[in-house]
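Both ligands and their constituent atoms are indexed starting at 1 by order of listing.
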Amino acid sequence: MKKNSPVSRSGRFAHAPGADVARFTESISFDRRLWRHDILGSLAHATMLRKIGLLSKAEADAIVRGLDAIAREIKAGKFKWKPELEDVHMNIEAELTRRVPAGAKLHAARSRNDQVALDLRLWLRDELVLLLGEIVDLQRGLVALGEKNADVLIPGYTHLQRAQPVYLAHHLLAYVEMLERDCERFWDGYSRVNVCPLGSGAIAGSTLPLDRVFVAKLLGFVDVHGRPQLTQNSMDAVSDRDFAVEFCAAGALLAVHLSRLAEDVILWASAEFNFIKIADAYTTGSSLMPQKKNPDIAELARGKSGRVIGNLMALLTLLKGLPMTYNRDLQEDKERVFDTTDTVRTTVRLMTAMLRNTKINSPACAAAAGDPALLATDLADYLVKKGMPFRQAHHAVGAVVALAEKLGKPLNRLTFAELQSVDKNFGRDALGVFDLKRAMAKRNLIGAPGTKEVAKQLARWREQLS
Ligand code: ARG
């Protein structure tokens, strides 16, 4: 047996794996980032083995000290990872056992199958907390931009055609709402990540008298009431990756939201819209066209949603044909989960920074929002208030719009006589609907872009995110 062969092959195997086999099957190149959580899980397992008498105090202490020293070396970048030892679990255990003979007792009643499930859950719990913090920062950034430009109006768009005027803040708060739902989804998923699989062994638990509740409590696998959360079926526990799928699904939807925000930013930064100016530090130049300033951060935010959606598809595809229980295919889960986390976290962070360094071009916004055609619906509402059925009012205003177009003037420049020529129900006050300030004051339904309502929503979010 070759010296550096993994312990999983000892005894049974006459030969170490071939170099190409080792390269194909290793995961240390990417799962080493689970090292903290792997060590944490081992510390808890050792403490429990000591509690049930399978380790002496001296052995448990030696293991704890040994793991601690390894942790410090990994942190300092001094630990030598060995690809021939396959993965993070065996690298750490092998090194521990080399230093501390009692290390050989650590794997009692544990398999890498429940160990890797544990590590991934511990790791994801921490990542979720960090990600949620960054999403909240982005929400705060959006609210701050809205507050700073509280009186800026822009056209709202449907079909990317100008529709009705809205406060810029209202538009930005739409993303705050989306991000809030993302947070809710991640939190909801958290409760299913936060379940301890340790003690499930390879598939069928153990004949040794483990104290699973003790381990779960040590590792913080408890619900909001402090009740320990343990997997209830050893076969499910070692093969379940639902929590990873849910995370990647919530991540994919978050990425889609970020992509949509990015698309708005890209449109707004164009000369055609000209609503915003992104600071130089957050734009890039063209290698050929000296005049260009490109919104590359937003473009990459939009583009990266592709890989995050892909990660979800890869995970689902990976799982769909697996017979019970653990299969090595599951090793492929980690890079998808890692990539989703890394991608959405950096994207959220960069979008926040970019928005904090973006200025609103209020004259351009005012010019666009001042288009009286945006208030055509208000003119129809005017007729409805006079008792006209909406369908008829819609038709009448349509005729007004056609007349204005024919006369080559904006809607609000039509004369009383011209309005009357379309419909006798138009009074002298009809043109008053084109007063944008008044129009915005009227939109005060819950959730509408009215002056008071938007101020109220801004205040609500400020309070909620503080
Ligand atoms: N590196 C493996 C993974 O990520 C660890 C579990 C290996 N288990 C096994 N029975 N070979 O899934």
Side-chain angles (χ1 to χ4, degrees), residues 1 4-13 15-18 20-42 44-45 70 74 79 81-97 106-127 193 195-206 231 234-245 247-248 311 314-342:
M1 195 76 191
N4 272 338
S5 241
V7 284
S8 59
R9 297 176 70 91
S10 93
R12 173 93 163 71
F13 294 79
H15 302 285
D20 50 349
V21 174
R23 253 197 314 279
F24 188 67
T25 53
E26 67 86 25
S27 56
I28 190 62
S29 54
F30 51 86
D31 70 9
R32 66 174 73 171
R33 70 188 283 182
L34 297 173
W35 69 266
R36 279 175 209 279
H37 301 91
D38 193 75
I39 288 179
L40 200 64
S42 288
H45 189 62
I70 290 175
I74 298 175
F79 188 80
W81 298 104
K82 296 179 178 148
E84 60 276 22
L85 292 180
E86 273 186 33
D87 57 27
V88 65
H89 324 294
M90 296 223 279
N91 264 269
I92 292 175
E93 191 196 313
E95 183 56 23
L96 176 72
T97 308
L106 183 60
H107 215 51
R110 189 172 70 166
S111 153
R112 279 182 296 156
N113 298 355
D114 59 352
Q115 191 176 359
V116 72
L118 173 76
D119 291 5
L120 198 56
R121 285 170 183 272
L122 286 170
W123 183 86
L124 197 49
R125 267 193 343 197
D126 285 352
E127 285 295 320
V193 177
V195 184
C196 187
L198 207 62
S200 303
I203 166 171
S206 172
T231 54
S234 62
M235 295 177 77
D236 180 39
V238 293
S239 60
D240 169 31
R241 293 295 182 275
D242 292 4
F243 64 94
V245 171
F247 171 71
C248 284
N311 289 337
L315 260 194
L316 288 168
T317 311
L318 168 68
L319 293 172
K320 81 177 248 305
L322 291 189
M324 291 292 266
T325 55
Y326 179 86
N327 297 272
R328 190 62 175 269
D329 314 44
L330 289 173
Q331 179 166 295
E332 289 285 306
D333 62 353
K334 277 167 284 300
E335 285 165 294
R336 308 288 45 97
V337 173
F338 294 160
D339 186 69
T340 287
T341 323
D342 294 341

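- The distance from the CG atom of Leu124 to the OG1 atom of Thr341 is 6.5 Å, given to the nearest 0.5 Å.
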request  = Begin with the C-alpha distance, continue with both residues' side-chain angles, and end with the deciding distance and a verdict on side chain to side chain contact (heavy atoms under 4.5 Å, CB included) for Leu330 and Val116.
outcome  = CA-CA 10 Å; Leu330 289 173; Val116 72; over 6 Å; no

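- Checking Arg328, Lys334, Glu335 one by one against Gln331, the side-chain hydrogen bond (donor to acceptor under 3.5 Å, both in side chains) holds for a single residue, Arg328.
- Scanning all protein heavy atoms for the shortest distance to atom 7 (C) of ligand 1 gives Tyr326 OH, 3.4 Å.
- A salt bridge does not link Asp329 with Arg241: none of the charged nitrogens is closer than 4.0 Å to a carboxylate oxygen.
- Residue, atom and distance of the protein heavy atom nearest to atom 9 (C) of ligand 1 are Asn113 OD1, 3.5 Å.
- In this structure, Phe79 has its ring center no closer than 6.0 Å to that of Trp35.
- Taking a 4.0 Å cut-off on heavy atoms, Lys334 registers as neighbouring ligand 1.
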inquiry  = side-chain hydrogen bond (donor to acceptor under 3.5 Å, both in side chains) for Ser42 and Arg110? Distances and angles first, verdict last.
reply    = CA-CA 10 Å; Ser42 288; Arg110 189 172 70 166; 3.0 Å; yes

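- Atom 2 (C) of ligand 1 has as its closest protein heavy atom Gln331 OE1, 3.3 Å.
- Those atoms of ligand 1 with a heavy atom of Ser27 less than 4.0 angstrom away are 1 (N).
- Residue Asp87 has at least one heavy-atom neighbour below 4.0 Å for each of these atoms of ligand 1: 1 (N), 2 (C), 5 (C).
- The ligand atoms of ligand 1 that sit less than 4.0 angstrom from a heavy atom of Arg112 are 6 (C), 7 (C), 8 (N), 9 (C), 11 (N).
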